[in-house]
Amino acid sequence: MSEIALTMPDGSVRPFARGGTGADLAADISRSLAKRAVAIRVGGALRDLAEPLTEDGAVEIVTRDDPDGLDLIRHDAAHALAEAAKELYPEIQITIGPVIENGFYYDFSRAEPFTPDDLARLEERMREIVDRDELIAREVWDRDEAARFFEGEGEHYKAEIIRSIPSEEPITLYRQGGFLDLCRGPHLPSTGRLGKAFKLMSVAGAYWRGDHRNEMLQRIYGTAWRTEKELRAYLERLEEAERRDHRRLGREMGLFHLQEEAAGSVFWMPKGWTLFRVCEDYMRMRLDANGYVEVKTPQLLDRALWEASGHWEKFREHMFVAEAAEDRLFALKPMNCPGHVQIFKQGIKSYRDLPLRMAEFGACHRNEPSGALHGIMRVRAFTQDDAHIFATEDQVTAETERFCALLTSIYADFGFEDVLVKFSDRPEVRAGEDGVWDKAETALLDAVNAAGLEVELNPGEGAFYGPKLEFVLRDAIGRDWQCGTFQVDFVLPERLNATYVDESGERRRPVMLHRAILGSFERFIGVLIEHYAGRFPLWLAPVQAVVATITSDADDYARAVCARLREAGLRAELDLRNEKIGYKVREHSVAKVPVMLVVGRREAEQGTVALRRLGSQQQEMLAVGDSIHTLSEEAAVPSRGR
RNA sequence: GCCGCGCUAGCUCAGUCGGUAGAGCAGCCGAUUUGUAAUCGGCAGGCCGCGGGUUCGAAUCCUGCGCGCGGCACCA
């Protein structure tokens, strides 16, 4: 029997009997490793531990503690779920069950809906399967035989998957106990290795193969971890996310409300609208300082303009239409671009006017599908921080760089330092010449790299009218939100006949750059609420300070203090109610007011305030003037980038 | 839009077998003048999402619609 030379992760070379398995290798190395081993990496590819090793090369034993080990656990949890489901409900069909972030799911076809009781039964059965510690074995099958087998079992989806697997790929099945599933693998050596740190979370509908024209399957979501401790930590993170939910905080903090007569539109209450205005004023200040001009364009525009822009044909379904007398049809604008082009076209533009950066806090309406609505994050009426930059092709690079700098500085001011960029280049079906695309794509990529941003490529995902950048920010608990966007458009200036006169007196088409930083104020404020869990930094807080009295003796003094805070531009409120100070403190703490100024007889006599910050147990005695000075400074709108 | 689940007081929720509805908190009123996360007492509050049906009788059963929630699909 010959030997092969295996290169271990530490660089050492180990002779090994040809045909021995990963499990043998682990056992050779140490008993503890043999116990912990769940798979093996051979030349970079993850394999089953039971697979014979036949060639020289780099190998690495994978344990449960490796990132890959966690994926194996999740994948096996999906198989255990499918096995449990087949045992409990033999009439169902199984389809696919991949690993996803934090866990796994499995899609089933079954006439009856799964109930919460079913989930509990399935989870119980999964635990039994772990206890049975069934060997998980890989089998290579003949394609037709495998398809016949699954058809015979009534598993038509599996047979369909087999028929769609490229003919050069082997058909592998994994057997655990009496259960056989089509799967590429690899898997853990046995179901006992899965452990029990998993939980079935929910049932949901999902289209077969993700296509809405296909039948709907039942998807069971689960989460799976290496240890109970990790599982608990994950469940706690979910609870934390729920506590931060902007819909809940919006109600509790009196920021906004939603009601069914205006599904998808926000009723901003005074405090929420204050927050909105603070964000808008801040954005206006930044845009003014960055060479933008602000405009306002009509909400309702004649159908003819939407036909000319191409929206009527492509997006009619999503537009709200208003009928007027004399048979005229108007549409509520779903976007601001056509309006901005109309302003651009007033008078003849020279190359000297470019780049022209035209901004609008534009209220747009889109008839989003009912299932898409989500709090204030996904709505039908929203306000974009929109702008269109009319530029020459040569100006695209500089404008993109300028935009990236502005965007990162604004995100940083709002407390987001972590920004990811997704770059989408030319799709199959597109307008414009390849040379122009080359130029635009290069311009975007260069600018993003120059800004030092992390880029993810989405090949072929660009709009038909040009390539685009999407800016994703990461919040305090690690969730990603797409907010900013930057799109190059070669088409709209053409369709709406926008031109400028170049150096030699020729009429030319400008390039239009569509861009937004917050995306929509509604969505961005939703993200802000969740990011800060409602505990806003002072400059954003709708109520920055409450002046609260201990006894009514201090009422006049409290009024005077509050008036001074307001004169200094602070958003202060007065609480003179006949309540104990402990009660007032609790109430304003629950309302997440960042600062309380408590005044009683002592403060009134000394001209001081007892300043207490949200979340802190202590207070600070300060002269009124000093407290105002401190708070004003802290409440100043961030000036980064100015 | 699709699948599933839900909708009871401002909020969170209970409501048995079909017999015309309950709690806590919030609110209002009164007492209390209080020193840093809940003072005490009282009162008021409901088209049980909306419409139709079954029934002597419907919050409860059936049905249509609306809205919400979790996903899927969508996101110019």
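As a basis for the values below, the full set of heavy atoms in this structure was taken, side chains included, without hydrogen atoms, waters or symmetry mates. Every chain is numbered from 1, with letters handed out A, B, ... down the list of sequences.
Taking the centre and axis of the six-membered ring of A:Trp312, the NZ or CZ atom of A:Arg316 falls inside the cone set by 45° and 6.0 Å.
Spacing between B:G22 and B:C56 at atom C1', rounded to whole Å, works out to 27 Å. For the C1' atoms, the distance linking B:C72 with B:A26 amounts to 38 Å, nearest Å. B:U8 sits 10 Å from B:A14 when the C1' atoms are compared, rounded to a whole Å. Taking atom C1' in both B:G19 and B:G57, the straight-line distance is 7 Å, to the nearest Å. For the P atom pair drawn from B:G46 and B:C11, the interatomic distance equals 13 Å after rounding to whole Å. Nucleotides B:C5 and B:U63 have their P atoms positioned 12 Å apart, rounded to a whole Å. Comparing the same atom, P, in B:C74 and in B:C2 gives a spacing of 16 Å after rounding to whole Å. Taking the P atoms as reference points, B:G15 lies 11 Å from B:C7, given to the whole Å.
For A:Phe198, the ring pair (Phe, Tyr, Trp, His ring centres under 6.0 Å) test picks out no residue, with sequence neighbours left out. Judged as a salt bridge (Lys or Arg N to Asp or Glu O under 4.0 Å), and not counting sequence neighbours, A:Asp117 has no contacts. With sequence neighbours left out, the salt bridge (Lys or Arg N to Asp or Glu O under 4.0 Å) criterion links A:Asp386 to no other residue. Under the rule for a salt bridge (Lys or Arg N to Asp or Glu O under 4.0 Å), the partners of A:Arg244 that lie at least two apart in sequence or sit in another chain are A:Glu240.
Residue A:Ala548 comes nearest to A:Met596 through the heavy atom pair CB-CE, 3.8 Å, listed as atom of the first residue, atom of the second, then distance. The shortest heavy-atom contact between A:Leu88 and A:Arg121 is CD2-NH2, 3.4 Å.
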For nucleotides 6-13 of chain B, which of its nitrogen or oxygen atoms have a protein nitrogen or oxygen under 3.5 Å away, and what is each distance?
from	atom 1	to	atom 2	distance (Å)
B:U12	OP1	A:Arg251	NH2	3.4

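Between the P atom of B:C65 and the CD atom of A:Glu261 lies a distance of 19 Å, rounded to the nearest Å. In this structure, the CZ atom of A:Arg586 is 10 Å from the P atom of B:A37, given to the nearest Å. Going from atom OH of A:Tyr583 over to atom C1' of B:U39 covers 10 Å, rounded to whole Å. Atom CG of A:Leu119 is separated from atom P of B:G4 by 15 Å (rounded to the nearest Å). Here B:G68 presents its C1' atom at 16 Å from CD1 of A:Ile376, a figure rounded to the nearest Å. Rounded to whole Å, atom C1' of B:U39 lies 13 Å from atom NZ of A:Lys584. When the P atom of B:U39 is taken as reference, atom CZ of A:Arg577 falls 11 Å away, rounded to whole Å. The NZ atom of A:Lys580 sits 13 Å away from the C1' atom of B:A37 (whole-angstrom rounding).
RNA chain B is contacted by A:Ala610, A:Arg612 of residues 608-615 of chain A, taking any non-hydrogen atom closer than 4.0 Å. Of the residues in residues 100-118 of chain A, those with a non-hydrogen atom less than 4.0 angstrom from any atom of RNA chain B are A:Pro113.
Taking NE2 of A:His257 as the reference point, atom CD1 of A:Ile376 lies at 13.0 Å (rounded to 0.5 Å).
Residue A:Ser552 has no polar side-chain atom (N or O) positioned under 4.0 Å from OP1 or OP2 of B:U33.
Listed by first and then second residue, the ring-ring contact (aromatic ring centres under 6.0 Å, His included) pairs involving residues 200-219 of chain A are A:Tyr157-A:Trp208 (not counting sequence neighbours). The list of salt bridge (charged side-chain N to carboxylate O under 4.0 Å, His left out) pairs with a residue in residues 593-605 of chain A, not counting sequence neighbours, reads A:Asp553-A:Arg601.
Within the 3.5 Å criterion, the main-chain N or O of A:Ile389 finds no donor-acceptor partner in the side chain of A:Arg357.
By the 4.0 Å N-to-carboxylate-O rule, A:Asp118 lies close enough to A:Arg110 to be salt-bridged with it. Ion pairing of A:Asp211 with A:Arg209 is absent here, as no side-chain N (NZ or NE/NH1/NH2) approaches a carboxylate O to less than 4.0 Å. Looking at A:Glu530 and A:Arg479, a side-chain N of the basic residue comes within less than 4.0 Å of a carboxylate O on the acidic one, giving a salt bridge.
Nearest-nucleotide positions on RNA chain B place A:Asp553 closer to the 5' end than the other of A:Val585 and A:Asp553. Of the residues near RNA chain B, A:Thr551 and A:Gln617, the one whose nearest nucleotide (by heavy atom distance) lies more toward the 5' end is A:Thr551.
Taking the six-membered ring where the residue is Trp, A:His311 and A:Phe315 present tilted rings, their angle falling between 30° and 60°. Relative ring orientation between A:Phe108 and A:Tyr106 is described as parallel, the plane-to-plane angle staying below 30° on a 0-90° scale split at 30° and 60°.
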- Message: Assess the residue pair A:Phe490 and A:Trp437 against the criterion (ring-ring contact (aromatic ring centres under 6.0 Å, His included)); give the C-alpha distance rounded to whole Å, side-chain angles, the decisive distance to 0.1 Å, and a yes or no.
- Response: CA-CA 9 Å; A:Phe490 313 122; A:Trp437 276 88; 5.7 Å; yes

- How does RNA chain B look in dot-bracket form if you count Watson-Crick and G-U pairs under 3.5 Å, write [ ] for pairs that cross, and put | where a base pairs with another strand? (((((((..((((.....[..)))).(((((.......))))).....(((((..]....))))))))))))....

- Assign a letter to each nucleotide of nucleotides 69-76 of chain B from its 5' end: B, base within under 4.0 Å of a protein heavy atom; S, sugar-phosphate only; -, no contact. SBBBBBBB

Side-chain donor-acceptor distances from residues 455-465 of chain A under 3.5 Å, at least two apart:
from	atom 1	to	atom 2	distance (Å)
A:Tyr465	OH	A:Gln487	OE1	2.4

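If you check every strand for non-hydrogen atoms under 4.0 Å, A:Gln218 touches nothing.
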